Structures are given as structure tokens and as C-alpha cells.
Amino acid sequence: MNFKQLIFVSLCLFFFQQTFAQRNYNSYNFLGIQGGITFFDIQTDDLVTKQKEGFTAGFTTRGAFRNDFDLVYGLSFQSSTVGVEGSLGIDKQDIGYTIQGAQINFLGSYNIIVKHLSIEFGPVFDINGKMKLDNDKYENYILTGYEELKAKDIQEISRFNVRLAAGLTAGLEHFRISAQYQYGVTNMLGKLNDRGLENKDFEGHSSTIVIAGVIYF
């Protein structure tokens, strides 16, 4: 899925949400902007990783669907960072990597208190760039657990990934705080297995906590 396809799918989801919201007698539709921090890690047995902070920003919509349920759609930019342990001689480092990309989500939302408190769940789709080294001076560091695998060798990760998200949103009608956990169901390190590296069976799944504020209009 390329960026144009991502935008097309996003527009389809938006109109789908609007159609159902307008069929509800007590319908409401909010367009919002959101921003926050992320805590990202990779769950894997193949690398020694460390969770690090990043950020997210984008747009979201919320509309009444049926009974106590809303539909929530979002399109956002994420910049996630993670540390991977490596060393050169006696110098051991948590080597920083950054992953940037676009993300769309399409969530069901159960209202505990309408317009104030809800539980949300559903799929998230990522299109991202490579896992880029933050500092090229570490590119020849050997990653922990290997004899030849260098820090620069693991940058070409999978560019399309699917996550499952669940979280809680609380606040006022036009301003809310959300806490969400996203788990990657696809193997984000799978693309490394075609590169003839020391390890030919990489497997890793993203693990992300997102704390964000949302302003609705």
C-alpha cells in the first residue's frame, strides 16, 4: 500500500463514518486535531532493545454510530524511536533508531459516558520509512548476540505494518485525553530476512503506548 492508496482508504473510511452517523437520530460528528507522545519498543528475541519516546500528530473524527457506540477515524504522522544494544570493543551503547511514517486507524468506541468517557478498540495501519540510525558514528557497532551483524544492517524493515489498538479516552465534549496501547500483529523485521544477514529468521512486533490530547471542533 503506497501513500496515495493510504489517502484513498482514509477518505473512504471518513465518508463511511459520516453516512452512518447521519442515520442516527442523536447524531453528532466531531473533527479534531490530536498530538501526543509515544513510547515505542520492539518485542523480539533477536535484538536487545530499549523503549524510547517519540511523538505523534494528526487529525481525527468521531461520530455517533448506534446506541452507545461511536466510530473513530484518525490519520496521523508518527516519529518513533527505539534503542538497540551494540558494542565496538569495550564500548557498549544503546544505539538509537528513528522510524517515521503515516498511520490510519478505524476504531469502534463504546461510550461509558457519552461525549466524556469511552473505551476504544480496532485496527491501525502503518506505512513507514526505514528504521534509520540516529547517528552514523554507530553504524559499524556489532549488535549484541552477534559476531558480524552491524547496526547499519538492520535499517531496512518492513514498510507496511498492521497493529491492534485498545485504549481509553476521557474529558470534556471538545477536549479529551487518550491513552492507547498498540501491538503489531505483523512481523516488522521480516524484510531483514531477505538480505543475507547473519540472522535469517528475524521476528519482531511493535509495542507502542500513545498518550495524546484531542481538541474537537
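Computed from a predicted model, the values in this text were never measured in an experiment.
Applying the ring pair (Phe, Tyr, Trp, His ring centres under 6.0 Å) rule to Tyr110 yields the partners Phe69; only residues at least two apart in sequence or on another chain are considered. Evaluation of the side-chain hydrogen bond (donor to acceptor under 3.5 Å, both in side chains) rule for Arg195 yields no partner, not counting sequence neighbours. Residues satisfying the side chain to side chain contact (heavy atoms under 4.5 Å, CB included) test with Ala212, not counting sequence neighbours, are Ser178, Val210. Here Phe202 pairs with nothing under the ring pair (Phe, Tyr, Trp, His ring centres under 6.0 Å) rule; sequence neighbours left out. For His116, there are no ring pair (Phe, Tyr, Trp, His ring centres under 6.0 Å) partners, not counting sequence neighbours. Contacts of Tyr141 classified as ring pair (Phe, Tyr, Trp, His ring centres under 6.0 Å), with partners at least two apart in sequence or in another chain: Tyr138. Listed by chain and residue number, His205 satisfy the side-chain hydrogen bond (donor to acceptor under 3.5 Å, both in side chains) test with Glu203 (two or more places apart in sequence, or in another chain). Residues meeting the side-chain hydrogen bond (donor to acceptor under 3.5 Å, both in side chains) test with Glu173, sequence neighbours left out: none. Qualifying side chain to side chain contact (heavy atoms under 4.5 Å, CB included) partners for Leu172, counting only residues two or more places apart in sequence or in other chains: none.
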Discussion item. Working note: Leu47 + Tyr146, criterion side-chain contact (heavy atoms from CB on, under 4.5 Å); need CA distance, chi angles, decisive distance, verdict.
Written reply: CA-CA 9 Å; Leu47 300 168; Tyr146 299 92; 4.3 Å; yes
Practice prompt. Please lay out, stage by stage, how Thr49 and Asp41 fare under the test side chain to side chain donor-acceptor pair (under 3.5 Å).
Written response: CA-CA 7 Å; Thr49 66; Asp41 200 358; 2.7 Å; yes
Worksheet entry | Steps toward side-chain contact (heavy atoms from CB on, under 4.5 Å) verdict (Leu107, Gln180) | CA-CA 11 Å; Leu107 308 178; Gln180 185 181 93; 3.6 Å; yes
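Hydrophobic clustering places Ile104 together with Tyr181 (ILVMFWY residues linked when any side-chain heavy atoms are closer than 4.5 Å, directly or through intermediates). Transitive grouping of hydrophobic side chains (ILVMFWY, heavy atoms separated by less than 4.5 Å) keeps Ile33 and Phe55 in distinct clusters. Under the 4.5 Å side-chain heavy-atom criterion for grouping Ile, Leu, Val, Met, Phe, Trp and Tyr, Ile154 is not connected to Val48 through any hydrophobic cluster. Residues Phe59 and Phe30 do not share a hydrophobic cluster, defined by chaining ILVMFWY side chains whose heavy atoms lie under 4.5 Å apart. Hydrophobic clustering of Ile, Leu, Val, Met, Phe, Trp and Tyr side chains at less than 4.5 Å, counting indirect connections, unites Leu117 with Phe121.
Side-chain atoms of Asn105 do not come within 3.5 Å of backbone N or O of Tyr73 as any donor-acceptor pair. Listed for the Tyr97 side chain is a donor-acceptor partner under 3.5 Å among the backbone atoms of Ala151. Without hydrogens or angle criteria, Thr38 side chain to Phe40 main chain gives no donor-acceptor distance under 3.5 Å. Of the possible polar contacts, one joining the Glu198 side chain to the Leu149 backbone as a donor-acceptor pair under 3.5 Å is found.
Counting heavy atoms from C-beta outward, Lys152 and Asn140 have side chains that approach closer than 4.5 Å. Residues Ile177 and Thr169 are not in side-chain contact: their nearest non-hydrogen atoms beyond the backbone lie 4.5 Å or more apart. Between Met188 and Ile157 the shortest side-chain heavy-atom distance falls below 4.5 Å. Counting heavy atoms from C-beta outward, Thr56 and Ile37 have side chains that stay 4.5 Å or more apart. Here the side chains of Arg176 and Gln34 are not in contact, with every heavy-atom distance at 4.5 Å or above.
A side-chain N or O of Ser118 and one of Glu120 form a donor-acceptor pair less than 3.5 Å apart.
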Scan the side chains in residues 76-90 for donor-acceptor partners under 3.5 Å anywhere in the protein, sequence neighbours excluded, and list what turns up.
residue, atom, partner, partner atom, Å
Gln78, NE2, Gln103, OE1, 3.4
Thr81, OG1, Glu53, O, 2.5
Glu85, OE2, Thr144, OG1, 2.9

List, one per line, each side-chain donor-acceptor pair under 3.5 Å for residues 160-168, sequence neighbours excluded.
residue, atom, partner, partner atom, Å
Asn161, OD1, Thr186, OG1, 3.2
Asn161, ND2, Asn128, OD1, 3.2
Asn161, ND2, Ser158, O, 3.2
Arg163, NE, Asp126, OD2, 2.6
Arg163, NE, Ser206, OG, 3.4
Arg163, NH1, Gln182, OE1, 2.7
Arg163, NH1, Thr208, OG1, 3.2
Arg163, NH2, Asp126, OD2, 3.0

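Here OG of Ser109 is found 9.0 Å from CG of Leu71. Values are rounded to the nearest 0.5 Å. Annotation: the span from Thr44 atom OG1 to Asn187 atom CG amounts to 8.0 Å, rounded to 0.5 Å. Residue Lys137 holds its NZ atom at 7.0 Å from CD of Gln93, rounded to the nearest 0.5 Å. Atom CG of Asp46 sits about 4.5 Å away from atom CG of Asn199, to the nearest 0.5 Å. Considering CG of Leu75 and CZ of Phe106, their distance stands at 14.0 Å, rounded to 0.5 Å. Between the CG atom of Asp134 and the NZ atom of Lys52 there is a distance of 8.5 Å, given to the nearest 0.5 Å.
When all heavy atoms are compared, the tightest approach of Ala64 to Asp70 is CA-OD1, 3.5 Å. For the residue pair Asp94 and Lys50, the shortest heavy atom distance occurs at OD2-CD, 3.5 Å. When every heavy atom of Gly204 is checked against every heavy atom of Ile42, the shortest pair comes out as CA-CG2, 4.0 Å. Contact between Glu156 and Leu192 at its shortest, heavy atoms only, is O-CD2, 3.6 Å. The minimum heavy-atom distance between Ile142 and Glu148, with the atom names listed, is CD1-O, 3.8 Å.
Surrounding CG of Asp91 are more than 12 heavy atoms belonging to other residues, nucleotides or ligands, all under 6.0 Å away.
Hydrophobic cluster membership for Val124: none, as no Ile, Leu, Val, Met, Phe, Trp or Tyr side chain comes under 4.5 Å of it.
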